[in-house]
Amino acid sequence: MALLSVMQRRGGSHAILRSLIGNKDYFILSTNVDTQVEKTFPSERVCNYQGSFAHLQCKQPCCDELFDAGPYVERMLAGMAGFEIRSEDVPRCPRCGWQLVPWVRDDTFLQGAAWHEGLGRYERFVRERGGGRVLLLELGVGEMAPGIITLPFWSMAAKLPDAHLLSINISGGSAPLQLGSKAEAIRADLGALLSAASSEARRDVWVRDLRRWCN
């Protein structure tokens, strides 16, 4: 039994989803960079495909290193005068002195060891659990980068022998016709749906449905 889950929503929705998953086997593939996924789920069960604002990298980059953004942000905030940051507080790479920038995907994105480790965890999870029952949860996924989540999930749902795809999105509610009964789609606001599911009156229904999809 395996639960492969994707979360793309801010705020309390992450904690609600974590509670609903319970002790099931799962993995999170996320394209969010707002740090909410890693604050809620253990790092060994997460792949931040597009990076995270929790880390900084050299802008060049001169080295394959990530730096905790926290101390740099605190220093900038402490020295701010109005809306201006002092030049001496601008984060600098300790290796070369060039600017440090958020570790989020752009034309200088560091697709180094940390990124490959996250991708490796995701690929290993799929490889090791692919022969069993797998629920592919596509939650609040947008249309900007379909090649990261949407299309691979469609492919996995088609190829894995006992996989089921459930997509929940506020802007679309149609499952790929070629997947037939292996795919379902719900058009709804994810935050409201998860909040409703977390209430005692609805929780038993969601737990029952998750068991039906995963067991």
Side-chain angles (χ1 to χ4, degrees), residues 3-21 26-59 61 64-78 80 83 85 89-91 93 99-123 125 136-153 166-172 186-198:
L3 174 63
L4 181 61
S5 179
V6 175
M7 185 64 188
Q8 293 214 298
R9 186 79 182 190
R10 295 188 298 275
S13 299
H14 292 79
I16 295 172
L17 180 63
R18 181 68 186 92
S19 175
L20 290 171
I21 290 175
Y26 69 93
F27 193 90
I28 304 284
L29 172 63
S30 175
T31 55
N32 275 5
V33 296
D34 61 7
T35 77
Q36 295 303 311
V37 168
E38 56 206 282
K39 288 179 179 178
T40 310
F41 299 91
S43 60
E44 65 269 19
R45 291 187 176 273
V46 173
C47 171
N48 286 311
Y49 196 91
Q50 303 286 55
S52 170
F53 279 115
H55 306 289
L56 301 178
Q57 64 161 84
C58 178
K59 189 176 182 178
D64 187 4
E65 292 185 68
L66 297 179
F67 306 92
D68 182 5
Y72 294 96
V73 172
E74 290 176 3
R75 180 179 176 182
M76 287 188 288
L77 291 175
M80 282 183 68
F83 294 100
I85 298 172
D89 291 338
V90 173
C93 176
Q99 287 185 15
L100 291 177
V101 296
W103 184 56
V104 297
R105 188 170 296 279
D106 62 6
D107 56 352
T108 64
F109 181 66
L110 177 59
Q111 198 161 292
W115 185 86
H116 283 285
E117 287 173 8
L119 183 63
R121 290 192 297 268
Y122 166 59
E123 292 177 338
F125 182 92
L136 301 162
L137 283 175
E138 186 183 290
L139 305 179
V141 176
E143 299 178 353
M144 291 186 62
I148 299 175
I149 295 174
T150 301
L151 296 179
F153 271 34
L166 175 62
S167 174
I168 303 175
N169 203 310
I170 195 172
S171 61
I186 299 174
R187 184 172 186 175
D189 179 271
L190 180 58
L193 194 64
L194 289 175
S195 295
S198 67

**Student:** Hey, what do you get for CG (Asp107) to NZ (Lys59), rounding to the nearest 0.5 Å?
**Tutor:**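 Atom-to-atom, Asp107:CG and Lys59:NZ are 8.5 Å apart.
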**Student:** Enter the distance from Leu137:CG to Leu29:CG here, rounded to the nearest 0.5 Å.
**Tutor:** 12.5 Å
**Student:** Quick one: CG on Asp68 to CG on Leu56, what's the gap to the nearest 0.5 Å?
**Tutor:**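 The distance works out to 8.0 Å.
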**Student:** Quick one: closest heavy-atom pair of Cys47 and Tyr122, and the distance?
**Tutor:** CB-CB, 4.1 Å
**Student:** What pair of heavy atoms forms the shortest contact from Pro152 to Gly147, and how long is it?
**Tutor:** CG-O, 3.2 Å
**Student:** Could you check if a side-chain atom of Ile168 sits within less than 4.5 angstrom of a side-chain atom of Glu138, using non-hydrogen atoms only?
**Tutor:**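 A side-chain contact is absent here, since even the closest heavy-atom pair is not under 4.5 Å.
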**Student:** Arg45 versus Ile28: any side-chain heavy-atom pair under 4.5 Å?
**Tutor:**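 No - every pair of side-chain heavy atoms lies 4.5 Å or more apart.
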**Student:** List the atom of Leu194, the atom of Ser13, and the distance in Å for their closest heavy-atom pair.
**Tutor:** CD1-O, 3.7 Å
**Student:** Just to verify, what does Ser195 make a side-chain hydrogen bond (donor to acceptor under 3.5 Å, both in side chains) with, not counting sequence neighbours?
**Tutor:**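 With sequence neighbours excluded, Ser195 shows a side-chain hydrogen bond (donor to acceptor under 3.5 Å, both in side chains) to no residue whatsoever.
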**Student:** Keeping the roles fixed (side chain from Asp34, backbone from Gln36), state whether a donor-acceptor pair exists under 3.5 Å.
**Tutor:** yes
**Student:** Should Pro91 and Met76 count as side-chain neighbours, where that means a heavy-atom distance under 4.5 Å?
**Tutor:** yes
**Student:** Going by the rule side-chain hydrogen bond (donor to acceptor under 3.5 Å, both in side chains), which residues pair with Asp106 if we only count those two or more places apart in sequence or in a different chain?
**Tutor:** Thr108
**Student:** Nearest 0.5 Å, please: how far is CZ in Phe67 from CD in Gln57?
**Tutor:** 9.5 Å
**Student:** Closest heavy-atom contact between Gln50 and Val33?
**Tutor:** O-CG1, 3.5 Å
**Student:** With rounding to the nearest 0.5 angstrom, report the CG to CG distance, Leu119 to Asn48.
**Tutor:** 12.0 Å
**Student:** Show the nearest heavy-atom pair for residues Ser52 and Thr35, with the distance to one decimal.
**Tutor:** OG-CG2, 3.6 Å
**Student:** Flag the pair Tyr26 / Arg18 as yes when at least one side-chain heavy-atom distance between them is below 4.5 Å, and no otherwise.
**Tutor:** yes
**Student:** Could you please spell out the steps behind the side-chain contact (heavy atoms from CB on, under 4.5 Å) verdict for Tyr49 and Trp115?
**Tutor:** CA-CA 7 Å; Tyr49 196 91; Trp115 185 86; 3.6 Å; yes
**Student:** For Pro61 and Leu110, which heavy atoms make the closest approach, and how far apart are they?
**Tutor:**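 Smallest heavy-atom distance, with atoms named: CG-CD1, 4.0 Å.
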**Student:** Rounded at 0.5 Å granularity, tell me how far CD1 in Ile21 sits from CZ in Phe41.
**Tutor:**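 The CZ atom of Phe41 is 4.5 Å from CD1 of Ile21, to the nearest 0.5 Å.
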**Student:** Please list, chain by chain and in numerical order, all residues satisfying side-chain hydrogen bond (donor to acceptor under 3.5 Å, both in side chains) with Asp64, sequence neighbours excluded.
**Tutor:**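 Per chain and number, Asp64 pairs via side-chain hydrogen bond (donor to acceptor under 3.5 Å, both in side chains) with no residue.
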